[in-house]
Number of protein chains: 2
Amino acid sequence: MAKKVVPETDRRRRKPTKQGVVLTEEMIVQTALRMLHEHGREGLTVRRLGVALGADPSTLYRYFRGTDDLTLAIADELIGRAMRGWEASGDWRADLRDVGLRIHTAYLNHPEAAVLTANRVSGRANEIATDEAILGILRSAGLPDPDAVRVYQAFIDLTLAFAALDAASLALPEAARAADEEVWRATYAQLSPETHPNIAATAPLLVARMNDSAYPTTLEMLLDSAAATLEAG
Amino acid sequence: MAKKVVPETDRRRRKPTKQGVVLTEEMIVQTALRMLHEHGREGLTVRRLGVALGADPSTLYRYFRGTDDLTLAIADELIGRAMRGWEASGDWRADLRDVGLRIHTAYLNHPEAAVLTANRVSGRANEIATDEAILGILRSAGLPDPDAVRVYQAFIDLTLAFAALDAASLALPEAARAADEEVWRATYAQLSPETHPNIAATAPLLVARMNDSAYPTTLEMLLDSAAATLEAG
DNA sequence: AAAAACCGTCAACCGTGTTGGCATAAGCTT
DNA sequence: AAGCTTATGCCAACACGGTTGACGGTTTTT
């Protein structure tokens, strides 16, 4: 059992691929991300990824145990991109806001990948570093550990939850996306004031807000709450 | 083109299935939900659904245009279950909290279905009724329309986002779930205080909170914020 | 120089969604 | 009641998905 996958560090490259490409774990992940971006969630398959890399599909199993393992690697790359270049400023509130918006933004930049990965725990380097950073911000702001952990959890869950939700609507296959919008125009906007007075009355406002994310507002609420805890403590 | 699917209302049953079953759209959705529950997200396939119903897989295409269409029907059933029996009490805050918790709970009761559907707009009856109800609560509480819409959006997004996030970890295939927990034990809990002082210091607290949802807390924050808007207005 | 490890390739397996043609029973018309 | 129409279930087939096991050439180690 226990499928053998040589860890990247022990890997000493041998054969170039038939098309002359020399594979790397990193190169595979980058290519997978690009394919997700260009061809949508359904567009990333082991076989197509093989073609894109100029390698046989089965080769990928030398680098990842399977689809799930590859997914986790993508997840970590996404967080890595979000946090690249980040540094603590010392202002806990600004720092936390920055981290949250970075993650949210990075996920929305790769909606298909975000949907795939937002709820997984990769345990890889970038993810761990991010968690360490968030806890560091809260603890050095002066929150006692139990509060720090509570806020940490609310913060990371809120951020990932919204990232996933907002990404999801961007990541829908074109057909489904069109279907959803069509449903809106054909159904919600047409409801009679008699049967659905509240929707009918607010329909224009609903449409106007439809494409905005509620994340920034909600994040601010969470920061307020953390600040209150800090003052009370 | 425009695949022909006879709407449920116009449907006049004709042939029973080879196994003597008489199909209904509702029966199909219920069975799909049960299969998701029993066999996990990967366990629901057109073919297996066919077997479970005692019908040929292709028969399902007489009822749904395809997998996506079936997904939307499941989504609506889920919301329907959440709101079944709900009535407004007149206390906007209690009502909103109730609706939020109902949805969150219903989704967690069917995590696999929740993951599948939380980010889709079905436009079907139950979904519309729920939106109408939420807007009704906010508007009759006295919020001006623009505020009502803003709070509505934050509320529904927050609720669905957390429902999806919390459901996701419950819905992971057993293998992935075990992998995630193993990652935790093997990685996070073992980090050295030298390299990761904040995680190391709070590890026990992190573990203790890991299985709680941050939704109720966050929802209260949102309700506070709405109350503040109401008083200011 | 021989042995071992690595790793790309090939062919095959089985499961998936979906489609088009066919058969047949239910309902409608008379 | 007889016949016509059509809804609807079934079958066989297709293309495509992930994954595996055997093979063989290359590089590293001994």
Undergrad: Once you round it to whole Å, what is the distance between P of dG17(D) and CG of Leu49(A)?
TA: 12 Å
Undergrad: Does dT24(C) have OP1 or OP2 sitting under 4.0 Å from an N or O in the side chain of Lys18(B)?
TA: no
Undergrad: Tell me the interatomic distance from Arg48(A), atom CZ, to dA15(D), atom C1', rounded to whole angstroms.
TA: 12 Å
Undergrad: Measure CG/Leu44(B) against C1'/dG17(C) and give the value in whole Å, please.
TA: 12 Å
Undergrad: Among Asp76(B), Thr71(B), Ile79(B), Leu72(B), exactly one meets side-chain contact (heavy atoms from CB on, under 4.5 Å) together with Thr117(B). Which residue is that?
TA: Thr71(B)
Undergrad: Students often get this wrong, so: under 4.0 angstrom with heavy atoms, is Phe64(A) touching a base, only sugar-phosphate, or nothing?
TA: nothing
Undergrad: Whole angstrom is fine here: how far is it from CG in Asp56(B) over to P in dA13(D)?
TA: 14 Å
Undergrad: Starting at atom CZ of Arg41(A), determine the distance to atom P of dG17(D), rounded to an integer number of angstrom.
TA: 16 Å
Undergrad: Pairing donors with acceptors under 3.5 angstrom, does anything connect the side chains of Tyr188(B) and Asp131(A)?
TA: yes
Undergrad: Please figure out whether Gly54(B) or Gly66(A) has its closest DNA chain D nucleotide nearer the 5' end.
TA: Gly54(B)
Undergrad: Separation of Leu23(A) atom CG from dT9(C) atom C1', in whole Å?
TA: 12 Å
Undergrad: Does Thr45(B) have a side-chain nitrogen or oxygen under 4.0 Å from the phosphate oxygens OP1 or OP2 of dT16(C)?
TA: yes
Undergrad: Closest approach to the side chain of Arg47(A), judged atom by atom: which nucleotide of dC10(D), dG8(C), dG18(D) is it?
TA: dG18(D)
Undergrad: Measuring to OP1 and OP2 of dT8(D), would you say a side-chain N or O of Thr59(B) lies under 4.0 angstrom away?
TA: no
Undergrad: Any heavy-atom pair between the side chains of Leu60(A) and Leu70(A) that's under 4.5 Å?
TA: no
Undergrad: dC10(D), dG17(D), dT20(D): which one has an atom nearest the side-chain heavy atoms of Tyr61(A)?
TA: dT20(D)
Undergrad: Could one point to a donor on the side chain of Ser58(B) or the base of dC11(D) with an acceptor on the other under 3.5 Å away?
TA: yes
Undergrad: If I take atom CG in residue Leu60(A) and atom C1' in nucleotide dT19(D), what distance separates them, rounded to the nearest angstrom?
TA: 12 Å
Undergrad: Taking all non-hydrogen atoms of both residues, which atom of Val115(B) and which atom of Arg41(B) are closest, and how far apart?
TA: CG1-NH1, 3.5 Å
Undergrad: If I take atom CZ in residue Arg62(B) and atom P in nucleotide dT6(D), what distance separates them, rounded to the nearest angstrom?
TA: 14 Å
Undergrad: Choosing from dG9(D), dT9(C), dA26(C), which nucleotide comes nearest the side chain of Pro16(B)?
TA: dA26(C)
Undergrad: Tell me the side chain to side chain donor-acceptor pair (under 3.5 Å) pairs involving residues 154-171 of chain A, sequence neighbours left out?
TA: His104(A)-Asp166(A), Thr159(A)-Tyr215(A), Asp166(A)-Ser213(A)
